[in-house]
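Here the structure is laid out as structure tokens; the discussion comes afterwards.
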Amino acid sequence: MTFIVLFNINAVFSQNDQNFTIILDAGHGGKDPGNSYHGYTEKDIALKTTLKVGAFLEKLPDFKVIYTRTSDVFIELANRPKIANKANANLFVSIHCNSVKNFQPYGTETFVMGLSRTDLNLEVAKSENSVIFLEDNFKEKYQGFDPNKPESLIGLTIMQEENLNNSIILATEIQDNFTNNLNRNSRGIKQQPLWVLDAVYMPSVLIELGFLSNKEEGEYLNSESGQDQMALQIANAIVAYKKKYYGSAYANSTPVQNNTKTVSVTTTANTTTYKVQLLASSKNIPMNTSNFKGLSKITNTYENEIYRYMYGETGSLDEAKLLQAEAKVVGFSDAFIVTSN
């Protein structure tokens with residue numbers, strides 16, 4: 001049976017639990033402009049979009065929004081996570097814009113903390129972390145951390161495992177909203193050794209809204225309407241995440257025109273089992289973790305001379321979606337959910 005729940009970022013509802021605290025971090029600022037192409041500057045777009053996300057969330061009575069910056073000022077990288085940790089926040093969301101020397105790439109992507117697995121990700125990590133060189137006494141402050149050295153980046157991955165799953169879930173909500181509601185090209189969810197994500201004590205994501213190096217996408221992100229649309233989808237993703245893990249009284253909410261989002265919640269019988277198919281092959285691949293990018297709990301089936309390799313097993317569709325997200329993050333980009341009764 002499928003139930004359709006309508007909720008709105010402007011909806012008013014009462015709740016007895018404490019405020020859900022969000023840290024919104026507009027990337028770069030002040031003497032650190034971020035990237036700049038075609039007259040579009042990252043620090044300005046990131047700030048405007050971040051403030052719009054906060055404006056949507058601040059209309060909800062049980063959300064508390066804290067900004068790392070609300071104007072064009074330089075905030076040291078080390079201070080951004082300190083703000084979140086001091087507030088004992090529930091989520092940390094950092095907003096940026098992407099760029100490459102090639103003007104063709106476009107699309108959104110959301111990063112969670114983790115070991116970089118591709119050269120492109122390593123370059124993004126270097127770019128986003130390199131702001132520390134603008135700070136005084138950076139060598140002492142960051143205890144020898146050097147964003148240009150892979151061994152420094154690897155060290156960032158150790159402490160974030162506990163929050164990684166929830167970070168992936170939030171990232172999935174964000175990317176799905178961009179794709180399903182705005183038809184933005186999704187470049188997926190990726191793990192990235194980023195200092196600002198490593199140092200916070202709560203689930204965290206870094207959103208790349210798109211490529212300023214792509215003139216068309218830069219024009220969209222620089223526009224008022226583009227910022228409004230992207231901000232609303234981020235805010236709705238945060239609302240959906242909160243609802244899933246903290247509950248809410250959405251049954252009493254009042255939809256407002258043009259700002260509603262439809263969420264389908266599907267209930268399934270207890271006899272349904274979900275797995276995530278990673279790949280199909282004519283070869284019988286040994287089911288050890290090294291052959292499946294570190295994933296365990298691998299099973300397979302053999303039919304019509306084809307082996308199909310599955311990851312995990314659960315009776316919950318939500319848990320299956322998490323397994324699918326994990327599989328995609330480690331490199332199985334075509335992973336999909338399969339069922340059996």
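Just so it is clear, the values below take in all heavy atoms, side chains as well, and ignore hydrogens, waters and symmetry mates. For the single chain, residues carry numbers from 1 onward in sequence order.
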Exercise. Check the pair Ile207 / Ile174 against side-chain contact (heavy atoms from CB on, under 4.5 Å), numbers first and verdict last.
Key: CA-CA 9 Å; Ile207 304 166; Ile174 292 168; 3.7 Å; yes

Practice problem: Apply side-chain contact (heavy atoms from CB on, under 4.5 Å) to the pair Met230 and Phe178, showing each step before the final yes or no. | Solution: CA-CA 7 Å; Met230 297 294 281; Phe178 287 158; 3.6 Å; yes

Practice problem: Check step by step if side-chain contact (heavy atoms from CB on, under 4.5 Å) holds for Ile45 and Leu212. | Solution: CA-CA 10 Å; Ile45 295 173; Leu212 300 188; 3.6 Å; yes

Practice problem: Please assess Tyr67 against Thr70 for the test side-chain contact (heavy atoms from CB on, under 4.5 Å), listing each intermediate value before the final yes or no. | Solution: CA-CA 6 Å; Tyr67 303 91; Thr70 57; 3.6 Å; yes

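Ser213 contributes a side-chain N or O that, together with a main-chain N or O of Val100, makes up a donor-acceptor pair within less than 3.5 Å. Not a single donor-acceptor pair under 3.5 Å links the side chain of Asp72 to the backbone N or O of Gly29. Side-chain atoms of Glu313 never come within 3.5 Å of backbone atoms of Lys275 as a donor-acceptor pair (strictly under, hydrogens ignored). In this structure a side-chain-to-backbone donor-acceptor pair under 3.5 Å is missing from Asn98 to Phe211. The closest donor-acceptor contact from the side chain of Ser223 to the backbone of Gly226 lies under 3.5 Å. A distance-only check finds a donor-acceptor pair linking the side chain of Tyr309 to the backbone of Ile285 [under 3.5 Å]. Judged by distance alone, with hydrogens and angles left aside, the side-chain atoms of Arg69 form a donor-acceptor pair with the main-chain N or O of Ala26 at under 3.5 Å. Judged by distance alone, with hydrogens and angles left aside, the side-chain atoms of Asn180 form a donor-acceptor pair with the main-chain N or O of Asp176 at under 3.5 Å. No donor-acceptor distance shorter than 3.5 angstrom exists from the side chain of Lys43 to the backbone of Asp32, with no hydrogens or angles considered. Asp25 places no side-chain N or O within donor-acceptor distance of the main-chain N or O of Val93, the cut-off being under 3.5 Å.
At least one side-chain heavy atom of Tyr274 sits less than 4.5 Å from a side-chain heavy atom of Leu317. Residues Leu182 and Tyr220 form a side-chain contact, since some pair of their non-hydrogen atoms from C-beta on lies under 4.5 Å apart. For the pair Ile234/Asn177, no side-chain contact is recorded, criterion being any heavy-atom separation below 4.5 Å from C-beta on. Looking at His96 and Leu209, their side chains never come closer than 4.5 Å, going by heavy atoms from C-beta outward. No side-chain heavy atom of Leu24 sits under 4.5 Å from any side-chain heavy atom of Thr68. Side-chain contact between Tyr241 and Pro203: present, with at least one pair of heavy atoms (C-beta onward) separated by less than 4.5 Å.
Taking OG of Ser167 as the start and CD of Gln191 as the end, the distance is 10.0 Å to the nearest 0.5 Å. A distance of 12.0 Å separates NE2 of His28 from CD1 of Ile95, quoted to the nearest 0.5 Å. Taking OG1 of Thr289 as the reference point, atom CE of Met287 lies at 12.5 Å (rounded to 0.5 Å). Annotation: the span from Asn222 atom CG to Cys97 atom SG amounts to 9.0 Å, rounded to 0.5 Å. For the atom pair Asn90 CG and Asn19 CG, the distance stands at 9.5 Å (nearest 0.5 Å). Rounded to the nearest 0.5 Å, atoms CD1 (Ile23) and CG (Leu91) are 9.5 Å apart.
Side chains of Thr108 and Gln175: a donor-acceptor N/O pair is present below 3.5 angstrom, by distance only. There is no side-chain donor-acceptor pair under 3.5 Å between Tyr311 and Gln277. In summary, the side chains of Thr49 and Gln227 do not present any donor paired with an acceptor at a separation below 3.5 Å, with no hydrogens or angles considered. A donor-acceptor contact closer than 3.5 angstrom is absent between the side chains of Asn214 and Gln104.
A search for side-chain hydrogen bond (donor to acceptor under 3.5 Å, both in side chains) contacts involving Asn291 returns Asn288, not counting sequence neighbours.
Using a 4.0 Å cut-off between charged side-chain N and carboxylate O, Glu173 and Lys244 make a salt bridge. Ion pairing between a basic and an acidic side chain is recognised when a charged N comes within 4.0 Å of a carboxylate O; Arg187 and Glu208 show no such pairing. The pair Arg308-Glu303 does not count as a salt bridge, with every side-chain nitrogen at least 4.0 angstrom from each carboxylate oxygen.
Checked against the 6.0 Å centroid criterion, the rings of Phe103 and His38 qualify as a close aromatic pair. When ring centroids are compared, Phe20 and Phe63 come within the 6.0 Å threshold.
Heavy atoms of other residues, nucleotides or ligands lying less than 6.0 angstrom from CD of Glu58 number more than 12. The neighbour count for Asn284 CG, taken as heavy atoms of other residues, nucleotides or ligands under 6.0 Å away, is above 12.
Each salt bridge (charged side-chain N to carboxylate O under 4.0 Å, His left out) pair with one or both residues in residues 224-239, not counting sequence neighbours, appears once here: Lys52-Glu224, Lys52-Asp228.
Considering all non-hydrogen atoms of both residues, Ala235 and Leu57 come closest at O-CD2, 3.8 Å. Taking both residues in full, the closest heavy atoms of Ile189 and Ile168 are given as CD1-O, 4.2 Å, listed atom of the first, atom of the second, then distance. Contact record, Leu278 with Ala327: CD2-CB, 3.6 Å, taken as the closest heavy-atom pair. Residues Ala280 and Ile306 approach most closely at CB-CG2, 3.9 Å, considering heavy atoms. Minimum interatomic distance between Ile66 and Ala87 (heavy atoms only, all atoms of both residues): CD1-CB, 3.5 Å. Across Val112 and Ala171, no two heavy atoms sit closer than the pair CG1-CB, 4.0 Å.
Under a hydrophobic clustering in which Ile, Leu, Val, Met, Phe, Trp and Tyr are joined whenever their side-chain heavy atoms come within less than 4.5 Å, directly or via other members, Phe336 and Met310 fall into the same cluster. Taken together through direct or relayed side-chain contacts under 4.5 Å among Ile, Leu, Val, Met, Phe, Trp and Tyr, Tyr245 and Leu170 form part of one hydrophobic cluster.
Both tests do not hold together for Arg184 against Tyr106: distance to the six-membered ring centre under 6.0 Å, angle to the ring axis within 45°.
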